[in-house]
2 protein chains.
Amino acid sequence: MNEVICTVDTVLLTLGDDGLSVALLKREREPYKGVAALPGGYIHVDKDLDGYGAALRVLKTKTGIDVPYLEQLAAFTGAARDPRGWSVSLAYYALVPHAVIAAAGHPGVKLVGVDRLHTLPFDHGTIVAAAVERLRSKSQYSSLPCFLVGELFTLPQLQRVYEALMGEALNKVSFRRKMAELDVLEAAEGQMDASSPSRPAQLYRLRPEFRDRLGLLKRGL
Amino acid sequence: MNEVICTVDTVLLTLGDDGLSVALLKREREPYKGVAALPGGYIHVDKDLDGYGAALRVLKTKTGIDVPYLEQLAAFTGAARDPRGWSVSLAYYALVPHAVIAAAGHPGVKLVGVDRLHTLPFDHGTIVAAAVERLRSKSQYSSLPCFLVGELFTLPQLQRVYEALMGEALNKVSFRRKMAELDVLEAAEGQMDASSPSRPAQLYRLRPEFRDRLGLLKRGL
DNA sequence: TAAATAGTGTCTCTAAGACAGTATGGA
DNA sequence: TCCATACTGTCTTAGAGACACTATTTA
């Protein structure tokens, strides 16, 4: 009566050379062995406290990364999505700076621009599309994109991240007003970005109470 | 390795005398036999096409209602939420006019105001809270609350529904401007609400292309 | 001092709310 | 004719974008 296959799939997003990109791994087992797909795996009822913990474990095991932001996306369910039978995929999406993926240096991880994706196995294409839509939607009114940059960043850098996500140029004055009123950033006193051949920009960081809050809040939910 | 209990729980919301209310049923089986809880049940892999279909079936079977709006809320998961073991609850929420529940006349269904809820079994309290938050959040920028009124309604009636959901008075001119620009309503030509002792109000209905669209769109997702 | 980009002051324009007026039914 | 409520025209006010100006570094 209850022969349901229960798995976790993760959409690890970052901002690379091809714009917003997703991490794919070649599948080690059937079905679709050898095909690039989302990092995923079975729930381990003995090890995982809940779906959130399972997603953290899958990401850590398969990509070597402790993600700073992880949120449940949705459950993808049904008889048709997996040839093995009626299945539930608990889908989570994570945001991470590009440098963190490079630093982890996991061999099999391949980054593909979300606009360059070809067909993926199962309904992974649908899952990625839903994650991208969610991220873009939340980016309009939140500080989510901060998790795509490193710990220290300038406002012009952050604005370019928002613009890459939204796919349109943003007004500089409005962007800075919005950031000021969100009130989630703090200036790194005395630290400037001197890497440019022009006026250095003030460096900022996420205020500590927001650095993990967003991800942790979702655990209960 | 994969002993996961997989169920569906539904949050059926309506606008009753106590404001926004949720439908509860006394549980017929252990655990928590006889305790009021959300309508739910196991996935039937032989009958249900997917989680959405399972939620529709549960609502039809246990409350007698074909809901006009149903959307996935989230998956609630973990080792601790159900005494039977590691479980996944696919949670869906539905909106329905009060009259439809009365017409269905299912004996066991009890409506409780969401602000009057006492503790519920499992994590059903958390699930209801998440559904209410989602509905309130979506009500700010969408026509979702239209599914809480009957087929024909006046703008003043609809405004009172929005106000009951948001818990605050709304500006009449702004409300009507917003509805006009959402462009999801159509006037029922020549039909007025004559039940008041003052000037009758124009009756409106959801435009046909929106009557089911919202619910259906979510099937793929 | 010129070039380049960071950062800010201010004007304009759009959209939301306030208010008051007109419209239309019943008593 | 009066009352109650539906509906609408318009003024005011708050927020978003445009623009231009100042600031600070390297070459």
Side-chain angles (χ1 to χ4, degrees), chain A residues 136-146 149-207, chain B residues 136-146 149-207:
Chain A
R136 291 203 167 125
S137 161
K138 284 209 169 189
S139 296
Q140 290 175 340
Y141 58 87
S142 81
S143 54
L144 250 199
C146 294
V149 297
E151 192 192 338
L152 287 176
F153 49 87
T154 70
L155 287 182
Q157 281 167 6
L158 188 60
Q159 181 170 353
R160 282 190 287 273
V161 168
Y162 272 82
E163 288 174 338
L165 289 178
M166 311 302 284
E168 60 180 356
L170 298 178
N171 181 281
K172 182 168 56 166
V173 179
S174 299
F175 177 75
R176 296 168 98 100
R177 264 197 298 241
K178 178 80 86 184
M179 281 300 140
E181 105 193 10
L182 278 179
D183 199 29
V184 296
L185 303 183
E186 64 182 12
E189 294 299 339
Q191 298 189 66
M192 311 292 278
D193 172 37
S195 67
S196 114
S198 69
R199 174 173 172 177
Q202 174 66 52
L203 284 168
Y204 289 84
R205 65 168 71 88
L206 255 187
R207 283 171 48 198
Chain B
R136 292 205 165 122
S137 161
K138 285 208 168 189
S139 296
Q140 289 175 341
Y141 58 88
S142 81
S143 55
L144 250 199
C146 294
V149 296
E151 192 192 339
L152 287 176
F153 50 87
T154 69
L155 287 181
Q157 281 167 6
L158 188 61
Q159 181 170 352
R160 282 190 286 275
V161 168
Y162 272 82
E163 289 173 338
L165 290 178
M166 312 302 283
E168 60 180 356
L170 298 178
N171 182 281
K172 182 168 53 167
V173 178
S174 300
F175 177 75
R176 295 167 98 100
R177 264 198 296 243
K178 179 79 86 184
M179 280 301 139
E181 105 193 9
L182 278 178
D183 200 29
V184 296
L185 303 184
E186 65 183 12
E189 295 299 340
Q191 299 188 64
M192 311 293 277
D193 172 37
S195 68
S196 113
S198 69
R199 174 173 172 178
Q202 175 65 53
L203 284 168
Y204 290 83
R205 67 168 70 89
L206 255 185
R207 284 169 49 197

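Since the model is a prediction, treat every value here as computed from it, not as a measurement. Each chain gets a letter, A, B and so on, in the order the sequences are listed, and its residues count up from 1.
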Over how many whole Å does the gap from F175(B) atom CZ to dC19(C) atom C1' extend? 20 Å

CD/E168(A) to CG/L170(A) distance, rounded to the nearest 0.5 angstrom? 6.0 Å

How close do R207(B) and D183(B) get, counting heavy atoms only, and between which atoms? NH1-O, 2.5 Å

Between dG17(C), dC19(D), dA16(C), which nucleotide gets closest to the side-chain atoms of N171(B)? dG17(C)

In whole angstrom, give the distance that lies between atom CG of L170(B) and atom P of dG17(C). 8 Å

Given side chains that start at C-beta, do those of K178(B) and S143(B) come closer than 4.5 Å, heavy atoms only? no

Is the backbone N or O of L165(B) less than 3.5 Å from a side-chain atom of R136(B), with the two atoms forming a donor-acceptor pair by type? yes

Restricting to non-hydrogen atoms, name the atom on A194(B) and the atom on P200(B) that form the minimum distance, rounded to 0.1 Å. CA-CB, 4.4 Å

Whole angstroms only, please: what is the CD-P distance between E181(A) and dA14(D)? 15 Å

Atom CG of L182(B) and atom P of dA15(C) are separated, to the nearest Å, by 14 Å

Expressed in angstrom and rounded to an integer, what is the separation of M179(A) atom CE from dA6(C) atom P? 16 Å

Among dG17(C), dG9(D), dA16(D), the one nearest S174(B) by side-chain distance: dG17(C)

What pair of heavy atoms forms the shortest contact from A188(B) to R205(B), and how long is it? CB-NH2, 3.9 Å

For L158(A) and dG7(C), what is the distance between atoms CG and C1' respectively, to the nearest whole Å? 15 Å

Atom CZ of R177(B) to atom P of dT14(C): distance rounded to whole Å? 14 Å

Could you list the protein-to-nucleotides 5-7 of chain D atom pairs, N/O on both sides, closer than 3.5 Å?
unit_1: dT5(D); atom_1: O4'; unit_2: S198(B); atom_2: OG; d: 2.7
unit_1: dA6(D); atom_1: N3; unit_2: R199(B); atom_2: NH1; d: 2.8
unit_1: dC7(D); atom_1: OP1; unit_2: Q202(B); atom_2: N; d: 2.8
unit_1: dC7(D); atom_1: OP2; unit_2: R176(B); atom_2: NH2; d: 2.8
unit_1: dC7(D); atom_1: O5'; unit_2: R176(B); atom_2: NH2; d: 3.0
unit_1: dC7(D); atom_1: N4; unit_2: K172(B); atom_2: NZ; d: 2.6

Rounded distance in Å - CD (Q140(A)) to C1' (dA16(D)): 15 Å

